[in-house]
*Asks:* 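The structure's right below; bear with me while I get my questions together.
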Amino acid sequence: MTTARPAHTDERSDERPEERPDDRYDAQRIERKWSERWQSDSLLYAAEERSTKPKYYVLEMLPYPSGALHMGHVRNYSIGDALARYMWMNGYNVLHPMGWDSFGLPAENAAIKNNTPPREWTLRNIAAMKAQMKRIGFGYDWSREVTTCLPEYYRWNQWFFLKLYEAGLAYRKKSKLNWCPECATVLANEQVVGGMCWRHENTRVEQRELEQWFLRITKYADELLRDLEKLQGWPEKVRVMQQNWIGRSAGTLVDFDLGGTVGPAGSTITVFTTRVDTIYGATSVQLAPEHPLVGDIIARNPTLRTQVEELISEQRRAKEAGDIGNIEKHGVFTGRYAKNPYNGEALPVWVANYILMDYGTGAIMSVPAHDERDFEFATKYNLPIRVVILPASSDPEETTAEPPLPFTTMDGILVNSGEFSGLGCAEAIEGMSAYAAEKNFGKATVAFRIKDWGISRQRYWGTPIPMVYCERDGVVPVAEKDLPVILPDQVKVTLSGGSPLLNVPEFLNTTCPKCGGPARRETDTMDTFVDSSWYFYRYADAQNDKAPFDSAKIAYWFPIDQYIGGVEHAILHLIYSRFWTKFMRDMGQVTNDEPIARLFTQGMVIKDGAKMSKSFGNVVSPDEMVARYGADATRMYSLFASPPDRDLDWQESGIEGIQRFLGRVYRFFTTNWDAPSSAPMTDSARRLQRKLHQTIKRVTDDFQGRWHFNTCISAIMELLNDANRRMLGTDDAHPVTGALVKADKIPQSLVAEVRRNIALLLAPMAPYLAHELWEMAGETSNLLKAPWPKYDAALAAEDEIEIPVQVNGKLRGVVVVSADAGEDKIKNTALADEKVKAAIAGKQMAKVIVVPKKLVSIVVR
RNA sequence: GCGAAAGUGGCGGAAUUGGCAGACGCACCAGACUUAGGAUCUGGCGGGUAAAACCGUGGGGGUUCGAGUCCCCCCUUUCGCACCA
């Protein structure tokens, strides 16, 4: 059935007077209008090359172009964009760029699934996500866009790799590596989470031995640790995580002589210990099952070999399961003895499954009396336990008392320790280390947990490593002038082992840069964390085709003033970035020691108590939110729902509330309030003005300080509620008497002032609406660069304040006094209050405490 | 096991410095305007009471005139680290 539209008639009785279209907040209309304007101005968000303004570099972590933004992105970028806009309004030369971390495995998976080349898939995703960002209205300087999968970018990865190679910081080594069967590639230690692949949480990581390229991040281990001190603008949590990751421990190396009884691997066991002061209490030496000496020891002993092999597999199983910490301690005695160089004692040598080859030297001295693990082990195998440290005590009699074992703390005194007896632990460590060095059987040293960074990936979609293997010249770097080594386009991608590039002869076969003879290219590609280790430098000079960047531009923009992203990058990305910066500094490319001055880690976006994910079916699509409520409401809700460092619980009804608020703001501008054009500042007007200045202060303070955007949005809501109430002439309740007072009309000039400032205050958080309101208020300047409002402390100050009065700790009344009232005045007013009088009637007043501007507390008996 | 953060109405959260607990928003309830309302506006909204009193910030102690906030013990949740010698 079709109903013809009624012909145009002049009169339709049932029709209500139509709202003027402009009376309704139409987010889609407003956002379309401003989006068009902004996009026609390519210089709108551009950072200035030469500027007299102070610089401000605000950066959000670049996304992986998966195809669509998720709410986590929206939250991250809403915070960054609000800050950038705030800084623009405060007169800074703001650098606010965006890019794409666009190499990596998902593109290959998608290629297999959809039969689309990774490059095509990736670039299409980038276009889609860029459109989303523009729709939401994030103010990025797109002239500086960085796309890591393009040769214009990754050629500099290769260039840096050559520099690292020249500096001896890139090297090749055969090693056992973490292998994810699902990814069919090697993973860095950082990408193994509890024995599982970081990307496939149900896939157990295996160990494989392969020739790999490594970057010598350990060269900077000490500095990376030390400079954490400088990063006061970073969350404590992140600094601690990095500190643990680097895992520095100062200790001593001590050689235990095997008396020439062991084969080619040597006849000395070097142990690492942080407690050399306990060495006189050592009752055995423990080797990791994979220690090189173990091979020699078990060579002619099949029984022992079987036992050790069992230890190795126990350890491997535990490692793969990720619970090496809970392994049941096992060990076998090798039948050998090693000499403690301090006292000449021969100690039995054991092999134990809880000793790790990749920490320290893979060998320890076992001191059961003063170490938890050694105590457990010695108890199990009946090894002797000898006390050599007694608790220090101010009472000399107590010093002789045997402590409960194991006694592991450092506040003790050495006993039974030869010439070192009587020393405190700390001085003993120092003295005994020096002694070892002097006698040439050891020295003080530092062990680190951090390992060199393995960057080889047997994958296609990444930066080719610019190295060539020649039969005559061996490993040869590609000449700088021949960069970039282009990643070929038409490649059959599979996920079965080995790099797909092996099957591309025109890539694989090349000539040796040295001799010109036939050679093969390296077919592994770089870990994508290489891309993200320095991308933010490229933003400073994104078009440069002669160098990764011009150092002068880096000197201007760096360090990054504010970096914003998820805490999941606390270790990997952020430690590699710091390493890369230090390397670039040492090669003279940059002058800053650290890339990032301030770091902010925002919380996750969750829904129904769980992280948004497809498997939970609780994913909220930003596109849908923007279509339904508008970009302003979407981003503003992401700022309003919780403080940015906490997790955000997405509630659809919450965003509706924000939408309603924006609608009220809009109507505040369209409503004709019938305000007197010139009127004296009535009491009510004065109160509104005070509220306005208080609001400016609150919002400004939040931007300057703790970034609790939820409370500064609340403040703006309060201002609007207050203004509306007064303008509508709703009755005002007197704060004390409760008597209703007719609200006064607000003069036109104050209405205009409130409107103007609401537009300004909203500009960082709801830019589309703010710009529209700014224009509606008759302003012609660009709101993006309009000066941020200043509050007047005098106008913000209350002239009357409410003072609660407590009697014996319970609230009994509230009195109003002028803000500058002295103690006596406040006290007298409080004591004159009827309710207070009633509460203290018939009792004896013991004490009256007056806290000016705060409260009165009366104690009665 | 070690370390960190957190625990406040039906919900998200506020209280920034020891000083009126619950701002702001959601949900809900009532009313207004309406043929209608998933629009808008007004009012209410921790428990309790007729109204008060009184009780309320995970639990138990403490300091203080006064504690969500400080101290001690415990519980729960989240995150990080975990035979690192």
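Labels below follow one simple rule: chain letters A, B, ... track the order of the sequence lines, proteins then strands, and each chain is numbered from 1.
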*Asks:* Between B:G56 and B:U69, how far apart are the P atoms? Round to whole Å, please.
*Replies:* 13 Å
*Asks:* On the nucleotide B:C41, are OP1 or OP2 found under 4.0 Å from the side-chain N or O atoms that A:Arg667 carries?
*Replies:* yes
*Asks:* Determine: side-chain N/O of A:Asn710 to OP1/OP2 of B:A14, distance under 4.0 Å, yes or no.
*Replies:* yes
*Asks:* Applying side-chain hydrogen bond (donor to acceptor under 3.5 Å, both in side chains) between A:Glu798 and each of A:Lys853, A:Arg690, A:Arg687, report the one that passes.
*Replies:* A:Arg690
*Asks:* So what does A:Asp358 hit on the nucleic acid, given a heavy-atom distance under 4.0 Å: a base, only sugar-phosphate, or nothing?
*Replies:* nothing
*Asks:* Is there a side-chain contact between A:Arg725 and the phosphate of B:C41, meaning an N or O under 4.0 Å from OP1 or OP2?
*Replies:* no
*Asks:* Would B:G9 be called syn or anti here, given the cut-off of 90° from 0?
*Replies:* syn
*Asks:* For A:Val859, answer base if it contacts any base atom (sugar-phosphate contacts may also be present), sugar-phosphate if it contacts only those atoms, and nothing otherwise; contact means non-hydrogen atoms under 4.0 Å.
*Replies:* sugar-phosphate
*Asks:* Please work out if A:Phe640 contacts a base, only the sugar-phosphate, or nothing of the nucleic acid, heavy-atom cut-off 4.0 Å.
*Replies:* base
*Asks:* Suppose we define a pair by two distances each less than 3.5 Å, Watson-Crick or G-U wobble; what does B:A5 pair with here?
*Replies:* B:U77
*Asks:* Begin from the C-alpha positions of A:Tyr629 and A:Glu652 and carry the test side-chain hydrogen bond (donor to acceptor under 3.5 Å, both in side chains) through to its verdict.
*Replies:* CA-CA 10 Å; A:Tyr629 305 105; A:Glu652 185 112 2; 2.9 Å; yes
*Asks:* Can you check whether A:Arg373 has a side-chain N or O nearer than 4.0 Å to OP1 or OP2 of B:C84?
*Replies:* yes
*Asks:* If the C1' atom of B:C41 is compared with that of B:C55, how far apart are they to the nearest Å?
*Replies:* 36 Å
*Asks:* Roughly how far apart, to the nearest Å, are B:C79 and B:G62 at atom C1'?
*Replies:* 31 Å
*Asks:* Work out how far the P atom of B:A39 is from that of B:A23, and round it to whole angstrom.
*Replies:* 23 Å
*Asks:* Does B:A15 have OP1 or OP2 sitting under 4.0 Å from an N or O in the side chain of A:Arg698?
*Replies:* no
*Asks:* Let me know, please, whether A:Thr361 or A:Ser714 comes out on the 5' side of the other along RNA chain B by nearest nucleotide.
*Replies:* A:Ser714
*Asks:* Ignoring hydrogens and geometry beyond distance, is the side chain of A:Ser857 in donor-acceptor contact with the base of B:C65 at under 3.5 Å?
*Replies:* yes
*Asks:* OP1 or OP2 of B:C65 sitting under 4.0 Å from any side-chain N/O of A:Lys847?
*Replies:* yes
*Asks:* Between A:Arg275 and B:C84, is there a contact of a side-chain N or O with OP1 or OP2 at under 4.0 Å?
*Replies:* no
*Asks:* How is A:Arg861 classified with respect to the nucleic acid when contacts are heavy atoms under 4.0 Å: base, sugar-phosphate, or nothing?
*Replies:* nothing
*Asks:* With the side chain of A:Arg449 defined as its heavy atoms from C-beta on, choose the nearest nucleotide among B:A82, B:G12, B:A85.
*Replies:* B:A82
*Asks:* In whole Å, measure the gap between the C1' atoms of B:A15 and B:C20 for me.
*Replies:* 11 Å
*Asks:* Is the distance from OP1 or OP2 of B:C41 to the nearest side-chain N or O of A:Asn724 less than 4.0 Å?
*Replies:* no
*Asks:* From CZ of A:Arg646 over to P of B:G13, roughly how many Å is that when rounded to an integer?
*Replies:* 6 Å
*Asks:* Below 4.0 angstrom from OP1 or OP2 of B:C55, is there any side-chain N or O of A:Lys810?
*Replies:* yes
*Asks:* What's the gap between B:A53 and B:G47 when it is taken at their C1' atoms, as a whole Å value?
*Replies:* 14 Å
*Asks:* Is the shortest side-chain N/O distance from A:Arg660 to OP1 or OP2 of B:G38 below 4.0 Å?
*Replies:* no
*Asks:* Are any of A:Ser249's side-chain N or O atoms less than 4.0 Å away from OP1 or OP2 of B:A85?
*Replies:* yes
